[in-house]
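Worksheet: the structure to be examined is printed underneath.
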Amino acid sequence: MAEKIDRKQLKRPDEFQVVAGRAMGWMAAHQRLVLGLASAVVAVALTAWGVSAWRDSRESKASAELAEALELLSRPVAGDGQAQAGEQTFPSREEREKAVVSALEKVRSNQGSTAAGRTALAELGFHKLKSGDATAAQKDLEEFLARARKDHPLRPFAQEALGYAFEAQGKLDQARASFEKLREMGVPARADYQAARLALVQGKPDAKQQLERVAKEYPKDLAVVREANERLELASLPPYTPGEATPAPQPGAKAQAEKTPQGKKKR
């Protein structure tokens with residue numbers, strides 16, 4: 001069964017949850033930086049042009065709403081042993097996910113023209129991709145990439161997630177083009193890894209050589225090296241034939257196995 005699952009991994013972009021989780025983990029670890037972008041950058045521009053304080057206040061309010069939405073991600077689930085006495089919890093991870101998405105949708109709807117609203121848009125794309133709604137994720141991620149500043153820290157994550165969203169829909173040419181844009185964003189290792197991974201998914205004869213080259217050319221990028229080596233290990237497994245079942249045990253096989261080579265039962 002384990003081999004069956006591993007072989008299937010080569011036929012699907014199984015890193016959806018990895019890239020979404022990596023982006024959301026980055027957000028959790030750098031909340032102050034991201035939220036700062038939602039107000040500081042705009043505040044500088046507003047100060048320079050002398051625009052009314054109302055605009056500045058709106059950015060601050062949007063940042064606060066985004067912070068509240070992101071805080072839900074760290075709220076524990078009842079029964080998982082992480083909740084402190086008196087701390088609010090969710091009944092399940094599914095309910096927490098619904099609450100997070102709802103809160104992010106509210107930020108996007110109410111504060112769409114702010115930096116915080118655009119950040120919420122990227123987060124929505126990550127969550128939808130993780131839940132399996134690739135079409136909706138594609139829409140949100142494309143909108144974020146079109147509207148966000150070039151130096152927004154989530155742009156590389158969103159670009160890679162967009163490639164996975166295309167791939168999940170079978171749009172491999174668009175996926176490849178999306179992954180290639182990672183090179184322009186200063187992460188060539190991810191671009192080369194994704195090109196090699198797609199080659200492996202498509203069964204191209206030089207795919208393994210591409211993965212080996214990626215692992216050798218970027219030794220300091222430990223995440224890329226690890227993922228490339230994992231793909232190589234999966235590719236080395238014997239072919240799996242769909243529908244192939246494990247042979248059923250023959251009658252009396254269990255009793256025979258319990259006997260010693262001399263034909264005596266084990267004590």
Side-chain angles (χ1 to χ4, degrees), residues 13 15-43 54-78 80 87-150 152-169 171 178:
E15 289 150 344
F16 285 170
Q17 294 191 357
V18 173
V19 71
R22 186 164 56 235
M24 289 185 279
W26 191 96
M27 287 283 289
H30 299 80
Q31 270 195 42
R32 291 185 179 180
L33 173 61
V34 174
L35 295 176
L37 285 173
S39 57
V41 172
V42 176
W54 175 81
R55 293 283 301 277
D56 193 11
S57 175
R58 186 183 180 196
E59 289 289 340
S60 297
K61 181 181 178 181
S63 296
E65 288 186 20
L66 178 60
E68 291 178 5
L70 295 176
E71 186 274 332
L72 296 176
L73 286 169
S74 60
R75 190 174 298 179
V77 173
D80 65 3
E87 186 177 12
Q88 288 185 315
T89 62
F90 285 102
S92 66
R93 287 179 172 78
E94 290 74 18
E95 289 301 315
R96 180 173 63 186
E97 180 67 10
K98 289 180 182 179
V100 172
V101 170
S102 177
L104 289 171
E105 289 282 11
K106 182 179 178 181
V107 176
R108 189 257 292 272
S109 177
N110 296 342
Q111 313 292 347
S113 62
T114 66
R118 290 187 287 274
T119 299
L121 192 59
E123 276 290 300
L124 282 169
F126 299 144
H127 280 273
K128 291 175 183 178
L129 181 61
K130 188 175 181 179
S131 69
D133 192 350
T135 301
Q138 176 195 330
K139 181 176 180 297
D140 289 343
L141 293 167
E142 286 182 322
E143 185 177 349
F144 166 76
L145 289 166
R147 296 173 56 193
R149 288 171 53 93
K150 298 298 183 183
H152 196 294
L154 289 183
R155 284 188 71 88
F157 293 108
Q159 190 65 53
E160 190 167 25
L162 179 59
Y164 281 122
F166 280 128
E167 186 179 349
Q169 299 172 74
K171 303 175 180 178
S178 184

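Remember, predicted model here, so these are calculated numbers, not experimental data.
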Worksheet item: Do K139 and D133 touch side chain to side chain, with heavy atoms closer than 4.5 Å?
Response: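 Not touching, per the 4.5 Å side-chain cut-off.
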Practice prompt. Any chance you could measure L73, atom CG, to R96, atom CZ, to the nearest 0.5 Å?
Written response: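 Answer for the CG-CZ pair, L73 versus R96, is 7.5 Å.
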Worksheet item: From E65 CD over to S109 OG, what is the distance, rounded to the nearest 0.5 angstrom?
Response: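 Here the rounded value is 10.0 Å.
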At their closest point, which heavy atom of [X] faces which heavy atom of [Y], and how far apart are they?
X: L72; Y: A103; value: CD1-CB, 3.9 Å
X: L141; Y: A122; value: CD2-O, 4.1 Å
X: A120; Y: V107; value: CB-CG1, 3.8 Å
X: A116; Y: S63; value: CB-N, 3.8 Å
X: L145; Y: A158; value: CD2-CB, 4.0 Å
X: A69; Y: L104; value: CB-CD2, 3.9 Å

Residues in side-chain contact (heavy atoms from CB on, under 4.5 Å) with [X], at least two apart?
X: E105; result: V101, R108, L124, K128
X: S92; result: E94, E95
X: E142; result: Q138, L162, F166

Practice prompt. Please step through salt bridge (Lys or Arg N to Asp or Glu O under 4.0 Å) for the pair E97 and R93, ending with a clear verdict.
Written response: CA-CA 6 Å; E97 180 67 10; R93 287 179 172 78; over 6 Å; no
Got a donor-acceptor contact below 3.5 angstrom from the [X] side chain to the [Y] backbone?
X: R75; Y: F90; result: no
X: E123; Y: T119; result: no
X: R155; Y: A148; result: yes

Worksheet item: Which pairs pass ring pair (Phe, Tyr, Trp, His ring centres under 6.0 Å) with one or both residues in residues 128-149, sequence neighbours excluded?
Response: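 Every pair satisfying ring pair (Phe, Tyr, Trp, His ring centres under 6.0 Å) with a residue in residues 128-149: F144-H152.
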